[in-house]
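Below: one structure, written as structure tokens.
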Amino acid sequence: MPYEGEFATYRSIRRIVENPKVQALLNRCRFLEIDRTQASTTPYAAPVAAAQLPELVLAIDGSYQEVDVKNGFPGAKVGYVTVASVLLDLHRITELDEYRPINPIEFRTTEHAETIDAAMPGTNITTIHETTARAAFRKQLYDVFYDVILDEVHHTRLLTTYEELLAHKPQTNPQSCPYKESNDCNIEFVVGPGISACPGCGGQIYSTDALRIHERFNDLGSNGEAFGLVMQVWERVLLVHYLRCFEKQNILDKVTKLAFFVDGPLAVFGPPAWLSAAISIELKRINTKVQQMTNKDLVIVGVEKTGNFVEHFSQIDQTEEPGVTRYGPRTYTLLVDAYIKSRITCSDSDRRYGKDTYFGRKMFYKSASGAMIVATIPFLNDAQDTLATDDPALYPQLPAIFTLLDKLASSRHLNAVTPLVAAHSYAAIPLNLGTRVLRSLALALMGER
């Protein structure tokens, strides 16, 4: 790391470039020659929805911000994590569309938002009952799951949904005691529901320890990765939580009037990746009930803003002829395993792409307005749970999804959809103003204590 005011010279760059080991590595690297005329995806015309579209859209998006606080310890940080759920009234939006330009105040009446907001201990932040920052982080994670109640009828806690998913976690791989680093406890065990005790050291164990996010907690620096994992888990568990609440209220037969949009792919990455399979099991179970009642599938879409798939879609859409693209309006491709590994992820593994992390499959779609959407649709039954074929007949919800994406493609943001833009507006923490406000909040709360 440089000293303050010290700037790098070109000598190090020249030395690295001329190093034989560096040159040997570069010579061994594979290079994919991009031929846009061969070995590419095939765009298909998107089917139009014959049945009535969902009348409501529920969008879920999250954000987090880490800020420095002064509590007497160097490098002390607090993380703020928020996840917003925004309900959009499509019927009302359609009515307003007939009288453009739409009054922004009137448009706001089509939205209803709920948020999960939490402050998470970071480096050098301890609480009255916890002596280490990592322990305080674990306790707060459990408390947020316990405290969140979105169902005003049955008062179902988010923790209840999480622990239903926890029941699907394989018990063949026990995990280490979370107090291992502080008291050298080497016991391994399976984390169960509720609050229990480590069989070795007797330390308090929370059901949320099974997420193992605390293993990515950094005692000496930034905890952006840990806070990002918390946000990711809340977004995905919240999707299942809403469906389970509808089930508890005996209104699953009405859920086909609702479409779900989730920011990012339908996947769970990192230590909590086991949630992906658990969520898939639960979605298949619930969808079976919905199918029996309505003869329709759930409509759930994950939309990616950035990443390799977004970049690849942009690349292959280009042709040698200026102004001519490979994908026309309302065309799509369901990505298969062989294509993903040969053109996007560079893998020769026999294991299916995303087997341990995804509970859905990716597709490319260019909307009627030209928006390029990289979406994930869920596996809602065992037959759909495949990347071996691009047969659209396996996914009867596709026509409704395509028509919704046409209707909801944002005119304000490139390749975005309106529901997630709305959800992000509630969840996003402004970088500069937000940091100042959150720092003041942290200091005020610590002063109250």
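Contact detail for Ala133 and Thr126: the closest heavy-atom pair is N-CG2, 3.7 Å. In terms of heavy atoms, Ala409 sits closest to Ala371 at CB-CB, 4.0 Å. Shown here for Leu334 and Pro392, the closest heavy-atom pair between the two residues is CD1-CA, 4.2 Å.
At least one cation-pi condition fails for Arg352 and Tyr358: the charged atom is not both under 6.0 angstrom from the six-membered ring centre and inside a 45 degree cone around its axis.
Residues Ile149 and Leu158 are not in side-chain contact: their nearest non-hydrogen atoms beyond the backbone lie 4.5 Å or more apart. The closest side-chain heavy-atom distance from Phe145 to Trp234 is below 4.5 Å.
For Glu181, the CD atom sits in a loose shell: 12 or fewer heavy atoms of surrounding residues, nucleotides or ligands are nearer than 6.0 Å. Heavy-atom neighbours of Tyr146 OH from other residues, nucleotides or ligands within 6.0 Å: at or below the threshold of 12. A 6.0 Å sphere centred on NZ of Lys341 holds more than 12 heavy atoms belonging to other residues, nucleotides or ligands.
Taking CZ of Phe246 as the start and CD1 of Ile286 as the end, the distance is 10.5 Å to the nearest 0.5 Å. A distance of 7.5 Å separates OG1 in Thr386 from CZ in Phe379, rounded to the nearest 0.5 Å.
Applying the salt bridge (Lys or Arg N to Asp or Glu O under 4.0 Å) test to every pair with at least one member in residues 238-250, sequence neighbours left out, gives these pairs: Glu164-Arg244, Arg244-Glu282, Glu247-Arg285, Glu247-Lys289.
In terms of the side-chain contact (heavy atoms from CB on, under 4.5 Å) criterion, residue partners of Asp297 (sequence neighbours excluded) are, by chain and number, Asn287, Gln291, Leu380, Gln384, Pro396, Gln397. For Glu304, the salt bridge (charged side-chain N to carboxylate O under 4.0 Å, His left out) partners two or more places apart in sequence, or in a different chain, are Lys362. Not counting sequence neighbours, the partners of Phe364 by the ring-ring contact (aromatic ring centres under 6.0 Å, His included) test are Phe313. Remark: Gln232 pairs with no residue by the side chain to side chain donor-acceptor pair (under 3.5 Å) rule, at least two apart or across chains.
The aromatic ring centres of Tyr353 and Phe309 sit less than 6.0 Å apart. Centroid-to-centroid, the aromatic rings of His214 and Tyr206 stay 6.0 Å apart or farther.
For the residue pair Asp390/Tyr332, the side-chain donor-acceptor check at 3.5 Å is not satisfied. At a cut-off of 3.5 Å, with distance as the only test, a side-chain donor of Thr82 or Asp117 sits close to an acceptor on the other residue.
Tested against Met363, the residues Ile377, Thr333, Ile373, Leu335 include a single side-chain contact (heavy atoms from CB on, under 4.5 Å) partner, Ile377.
Ion pairing between Glu225 and Arg216 holds under the 4.0 Å rule for side-chain N and carboxylate O. The pair Asp337-Lys355 does not count as a salt bridge, with every side-chain nitrogen at least 4.0 angstrom from each carboxylate oxygen. The existence of a salt bridge linking Asp68 and Lys77 is confirmed by a sub-4.0 Å separation between a basic side-chain nitrogen and an acidic carboxylate oxygen.
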Donor-acceptor list for residues 261-275 side chains, cut-off 3.5 Å, not counting sequence neighbours:
residue	atom	partner	partner atom	Å
Asp263	OD1	Lys305	NZ	2.5
Asp263	OD2	Lys305	NZ	3.3
Trp274	NE1	Ala210	O	3.0

Handout entry: Step-by-step side-chain contact (heavy atoms from CB on, under 4.5 Å) determination, Ile401 to Tyr365
Key = CA-CA 10 Å; Ile401 290 173; Tyr365 180 63; over 6 Å; no
